[in-house]
Structures are given as structure tokens and as C-alpha cells.
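What you see is a predicted model; the values in this text were computed from it and never measured.
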Amino acid sequence: MKVLLVNGSPHKEGCTYTALREAADALEKNGVETEIFWVGVGEVAGCIGCGACAREGECFRKDVVNEFVAKAGEADGYIFGSPVHYAAASGAITSFMDRAFYSGGKEMAGKPGAVVVSCRRGGASAAFDQLNKYFTINCMPIVSSQYWNQVHGTNAEEVKKDAEGMQTMRTLGNNMAWLIKCIRAGKDQGIGFPEREPVQRTNFI
């Protein structure tokens, strides 16, 4: 069992990483392997709706998005982390998730997903709501915690002092491990992902 944790912050080991690391430690204590995937500081272009990924199996932009999608099929769950910029998720993680879900959503469908956000003071719940929408359009169970998955601080050391935020991350990791194990147990008993109907698309003009 493995969970991929995506660090959407430009700071590799800053506040967002600190939150993800706390969740990852809890997952590992539950016997779940983890990998933190850093989006990095390079350009992450937005989706242009060209449809190349549907034809070629991957996004035509050869960058971190394709690297992530290549790993996604092997994972059993996902946690996406972002700093809060102007009461929203970062531009990098938004572009990243737009393209990752458009080109590789099938690799994640039916698997648990969660979001963590980091802010100095405000805007966390708005960013949290924004990012959870990727899961609800992709048939993914959302993993909850004891509070909304947010931490506060201007640097990693301050985040570590956010006792409630750190506890929320540990609870998230425990809950993610529990749900992954439940899904695995269900599969062992012959309970698979529900068969889906052919997709119906209705356009409103």
C-alpha cells in the first residue's frame, strides 16, 4: 500500500511540506508506504484543452505532470498540499491538478484523496474547498480529519507549533490508512469498484 503526497509549494521543505510530512509519518506508522512528490519551482503551464492526452496517453508538455501521472497508477491514495495565495490554492498546484486529472484521472479514480493547505492566517477554507472539487468529479472518496486540513505559520518551525494543525495532519494520515485498508479488505472479499455507465454529457446552451 502506498500514498503519494504532492507538495505544491515552491519551498521544498517549508510549511506545506511540514504538514504533508506529519501526515506521511502517521501513514508509515500504519504500515503504508509514502512518497512526497515535489512540484518544484519550474513553470507548470495550465491546460489548453488540446486533447493530446486523450490521443497520446499523456500531456504534450513533458514536465512534472507526466512524471506524477506515471507514478499515480501504482498508488492507493493521494494527498495534495498547497500554500494559500490570495485565499486560493497556488497557481502551480492548480495548473498541476488541472492537467494531472484531465490526463491521468483514470489512474486515481476509486482511490482515496485528500487535501492539506497551509496559510499564515486566512483563506485556508476557501483553498481547501477549491482543491477538494477535483476528487468529486473523479469518483474518489475524500478522506476527512478531525478539522479542516489546514496548518498555520509563516515558516516550518511555526507550523510545528500549531498543535491542532499537526494533530489534524496525524488524524488525516490515520484515517487515510484506515480507508485504504478497508478498500483492500473489500477487494479481497470480491467487492470491487462499481461498474460505471457510459458517460452522458449534456450541454446547456
Side-chain angles (χ1 to χ4, degrees), residues 1-40 44 64-65 67-84 89-90 92-94 96-101 104-105 107-119 124-125 127-152 156 159-160 162 164-184:
M1 295 176 289
K2 181 177 181 179
V3 170
L4 268 176
L5 302 94
V6 177
N7 180 4
S9 170
H11 305 290
K12 189 172 185 179
E13 296 186 356
C15 299
T16 302
Y17 169 84
T18 302
L20 291 171
R21 184 69 261 168
E22 194 76 1
D25 288 346
L27 283 160
E28 290 169 4
K29 287 179 181 177
N30 282 278
V32 178
E33 180 185 354
T34 68
E35 177 182 348
I36 296 182
F37 182 95
W38 186 39
V39 172
V44 181
V64 291
V65 173
E67 293 175 27
F68 169 78
V69 172
K71 294 174 176 283
E74 301 175 359
D76 300 287
Y78 314 88
I79 301 178
F80 295 86
S82 175
V84 175
S90 73
I93 196 68
T94 300
F96 178 92
M97 292 179 74
D98 280 353
R99 290 172 50 216
F101 276 78
E107 302 292 347
M108 295 178 275
K111 300 175 184 178
V115 166
V116 304
V117 294
S118 168
C119 68
S125 60
F128 181 69
D129 289 344
Q130 174 191 343
L131 295 179
N132 274 314
K133 291 180 174 66
Y134 289 91
F135 309 136
T136 59
I137 201 172
N138 198 46
C139 295
M140 296 172 69
I142 296 176
V143 182
S144 60
S145 186
Q146 66 194 52
Y147 194 77
W148 298 304
N149 305 333
Q150 57 188 330
V151 296
H152 293 78
V159 168
K160 291 175 183 177
D162 178 6
E164 184 174 2
M166 290 288 94
Q167 186 178 63
T168 299
M169 295 303 115
R170 293 192 296 274
T171 301
L172 175 63
N174 291 335
N175 289 352
M176 173 74 81
W178 169 78
L179 185 54
I180 288 172
K181 291 176 182 180
C182 287
I183 292 172
R184 177 67 60 88

> Would you call the rings of Phe37 and Phe68 parallel, tilted or perpendicular, taking 30° and 60° as the class edges?
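Perpendicular, since the angle between the ring planes exceeds 60°.
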> Side chains of Leu131 and Ser82: does their closest heavy-atom pair fall under 4.5 Å?
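SC-SC contact between Leu131 and Ser82 confirmed.
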> Are the charged groups of Asp25 and Arg21 less than 4.0 angstrom apart, N to O?
yes
> Rounded to the nearest 0.5 Å, how far apart are OG1 of Thr171 and CE of Met166?
11.5 Å
> Below 4.5 Å, heavy atoms only, C-beta onward: do Pro112 and Ile183 meet side chain to side chain?
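Yes, side chains in contact.
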> Side chains of Leu179 and Pro141, heavy atoms from C-beta outward: is any pair under 4.5 Å?
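In short, these two side chains touch, coming nearer than 4.5 Å.
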> Side-chain contact test, heavy atoms from C-beta onward, threshold under 4.5 Å: evaluate it for Val3 versus Met176 and give yes or no.
yes
> Is there a side-chain contact between Asn149 and Val117 (heavy atoms, below 4.5 Å)?
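Asn149 vs Val117: side chains apart.
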> Are Lys2 and Glu74 ion-paired here, with the side-chain N under 4.0 Å from a carboxylate O?
no
> Quick one: does any side-chain atom of Ser145 pair with a main-chain N or O of Thr168 as donor and acceptor, under 3.5 Å?
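The answer is yes, because a donor-acceptor pair under 3.5 Å joins these two groups.
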> Indicate whether the side chain of Thr18 and that of Glu13 have a donor and an acceptor atom separated by less than 3.5 Å.
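Per modelled atom types, Thr18 and Glu13 side chains form no pair under 3.5 Å.
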> Do side-chain atoms of Gln130 reach the backbone of Ala89 as a donor and acceptor pair under 3.5 angstrom?
yes
> Atom OG1 of Thr16 and atom CG of Asn7: how far apart are they, to the nearest 0.5 Å?
6.0 Å
> Look only at the side chain of Lys181 and the backbone of Asn30, and say whether a donor-acceptor pair between them is shorter than 3.5 Å.
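The answer is yes, because a donor-acceptor pair under 3.5 Å joins these two groups.
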> Short question: side chain of Asn175, backbone of Ser144 - any donor-acceptor pair under 3.5 Å?
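Confirmed, Asn175 side chain pairs with Ser144 backbone.
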> Is any NZ, NE, NH1 or NH2 atom of the basic residue among Arg184 and Asp76 found under 4.0 Å from an Asp or Glu carboxylate oxygen of the other?
yes
> Say whether, by atom type as modelled, one donor and one acceptor occur between the side chain of Asp162 and the main chain of Val151 under 3.5 angstrom.
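Flag not set: sc Asp162 to bb Val151 has no pair under 3.5 Å.
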> Do Leu5 and Thr34 have side chains that get closer than 4.5 Å, going by heavy atoms?
yes
> Give a yes or no answer on whether the side chain of Tyr78 reaches the backbone of Ala72 with a donor-acceptor pair at less than 3.5 Å.
yes
> I'd like to check Phe135 versus Val115 (side-chain heavy atoms, cut-off strictly below 4.5 Å). Are they in contact?
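Of all side-chain heavy-atom pairs linking Val115 with Phe135, at least one is under 4.5 Å.
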> Quick one: does Asn138's side chain have a donor or acceptor within less than 3.5 Å of a partner on Tyr134's backbone?
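Between the backbone of Tyr134 and the side chain of Asn138 there is no qualifying donor-acceptor contact (under 3.5 Å).
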> In Å and rounded to the nearest 0.5 Å, what is the CG to CE distance from Leu27 to Met169?
12.0 Å
> Find the distance between NZ (Lys29) and CZ (Arg170) and round it off to the nearest 0.5 Å.
8.0 Å
> Check whether any side-chain heavy atom of Tyr17 sits under 4.5 Å from a side-chain heavy atom of Trp38, and report yes or no.
no
